[in-house]
Amino acid sequence: MTNAKSIAEHWGPGDVFGSIIAALAKMSKPLEGLRIEDLAPVDHFHARGFPATVELADKLPINSGQRILDIGCGLGGPARYMADRFRCRVNGIDITPAFVDAANKLTGLLRMQAQVEIIHGDGHQLPYPDEFFDGAYTQHVTMNVADRPKFFGEAYRVLKPGAFFALTEHGLGPRAEPRHPVPWSADGSSAFLVTPAETRALLENAGFRDVVVESTGPKYLAGYKAMIERAEKGALPALGLHLLMGETALQKMRNAARNIEEGRTHPVQVVCRKRG
Ligand SMILES: C[S@@+](CC[C@H](N)C(=O)[O-])C[C@H]1O[C@@H](n2cnc3c(N)ncnc32)[C@H](O)[C@@H]1O
């Protein structure tokens with residue numbers, strides 16, 4: 001079902017935590033007293049980074065003390081932001097061991113272990129009881145999800161009745177056939193994009209209701225273009241998402257932007273809720 005090994009090798013091939021620590025040292029940033037905002041340039045690993053997490057959070061009905069799930073949490077930046085902003089508890093799960101390792105070390109540096117717990121695992125098979133969470137989100141993960149009925153079914157199972165589910169993704173555009181490499185795939189392998197209409201239908205088939213789909217392409221495009229411009233001038237900061245995208249980072253960003261412009265992808269943000 002999931003080619004976990006190749007997905008993990010794609011996302012986290014090396015010492016992710018070490019490269020973040022090296023970048024902080026280059027910036028003369030002491031680890032003692034590190035704040036959530038200091039890590040934001042690198043630990044929100046999706047198009048537009050931190051501002052996109054804030055905009056998603058603005059749409060989520062999270063209350064203090066609730067338990068929220070982040071599926072494919074990456075380095076845990078969004079999980080720590082949600083925990084801090086809403087005074088909630090966040091469980092994160094991710095298929096890439098190097099990200100889980102880095103996520104937990106970063107959570108430790110920020111002394112947030114009481115609020116944020118991150119484990120290694122696959123969103124197709126969640127190790128949590130039924131009706132356990134007050135809400136769940138998955139940002140830029142589903143591009144690698146081979147079996148969406150199973151993945152959405154698992155999210156549905158672990159949510160309490162009426163709880164929200166949100167996702168952001170690069171959906172498939174009308175022209176299809178995305179150019180590669182892109183941030184989520186070097187050559188099209190382990191890439192399973194579907195159109196926004198298909199995502200809506202899959203969520204509804206899983207039982208979700210009140211599905212609101214918002215196109216995010218123009219905003220993503222502006223974000224990619226700003227990063228590409230900085231990279232071309234050799235002006236990327238020491239700490240940034242390029243650290244996580246390897247030697248082909250610039251090519252991946254250029255293709256991600258062109259895919260949107262050419263209608264090959266159609267990025268969306270989706271919010272819905274479990275039948276209550
Ligand atoms: C673009 S990163 C996004 C990370 C995080 N959601 C964020 O926005 O900062 C995609 C993440 O999805 C994870 N992933 C992909 N397929 C997964 C699966 N089936 N189960 C859990 N995590 C998965 C990858 O390991 C990677 O960390």
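Start at 1 and go down the list; that is how both ligands and their atoms are numbered. Just the heavy atoms: all of them, side chains too, but no hydrogens, waters or symmetry mates, feed the values below.
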Counting each atom of ligand 1 from 1 as listed, which ones have a heavy atom of [X] under 4.0 Å away?
X      : result
Gly123 : 18 (C), 19 (N), 20 (N), 21 (C)
Cys73  : 5 (C)
Gly74  : 4 (C), 5 (C), 27 (O)

Among [options], which one has a heavy atom closest to [atom]?
atom                    : options                       : answer
atom 11 (C) of ligand 1 : Asp94, Thr138, Leu56, Asp147  : Asp94
atom 18 (C) of ligand 1 : Leu244, Asp122, Leu241, Ile71 : Asp122
atom 12 (O) of ligand 1 : Ile93, Thr168, Val141         : Val141
atom 17 (C) of ligand 1 : Thr96, Leu75, Ile95, Leu126   : Ile95

Checklist outcome for this item: When His140, His266, His46 are each screened for ring-ring contact (aromatic ring centres under 6.0 Å, His included) with Tyr220, the one that passes is His140
Can an N or O of [X] be found at a distance shorter than 3.5 Å from an N or O of ligand 1?
X      : answer
Phe45  : yes
Gln139 : yes
His46  : yes
His44  : no

Taking the side chain from [X] and the backbone from [Y], do they hold a donor-acceptor pair closer than 3.5 Å?
X      : Y      : value
Lys274 : Gly162 : no
Asp122 : Ile95  : no
Arg80  : Leu75  : yes

Next on the checklist: Below a 4.0 angstrom heavy-atom separation, can you tell me which part of Pro78, side chain or backbone, both or neither, approaches ligand 1?
Outcome noted: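 The side chain, only.
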Checklist outcome for this item: Going by the 4.0 angstrom heavy-atom rule, the piece of Trp11 near ligand 1 is side chain
Checklist entry - Yes or no on side-chain hydrogen bond (donor to acceptor under 3.5 Å, both in side chains) for Thr216 and Gln269, after CA distance, side-chain angles and deciding distance? => result CA-CA 7 Å; Thr216 47; Gln269 175 181 280; over 6 Å; no
Checklist entry - So, does Gly77 sit close enough to ligand 1 that a heavy atom of it is under 4.0 Å from the ligand? => result no
Next on the checklist: Tell me whether ligand 1 is touched by Gly76 - counting only heavy atoms on the residue side and a distance under 4.0 Å.
Outcome noted: no
Checklist entry - In chain order, what residues pass the side-chain contact (heavy atoms from CB on, under 4.5 Å) check against Arg85, with sequence neighbours excluded? => result Val54, Ala57, Asp58, Tyr81
Checklist entry - Between Phe133 and Tyr128, how do the two ring planes meet: parallel, tilted or perpendicular, split at 30° and 60°? => result perpendicular
Next on the checklist: The test is side-chain hydrogen bond (donor to acceptor under 3.5 Å, both in side chains); show your working for Gln251 and Thr248 and say whether it passes.
Outcome noted: CA-CA 5 Å; Gln251 212 183 336; Thr248 55; 5.2 Å; no
Checklist outcome for this item: For residues 157-167, the side-chain hydrogen bond (donor to acceptor under 3.5 Å, both in side chains) pairs (sequence neighbours left out) are Asp130-Arg157, Asp134-Lys160, Glu154-Arg157
Item to check | Atom CD of Glu117: over 12 foreign heavy atoms under 6.0 Å | outcome: no
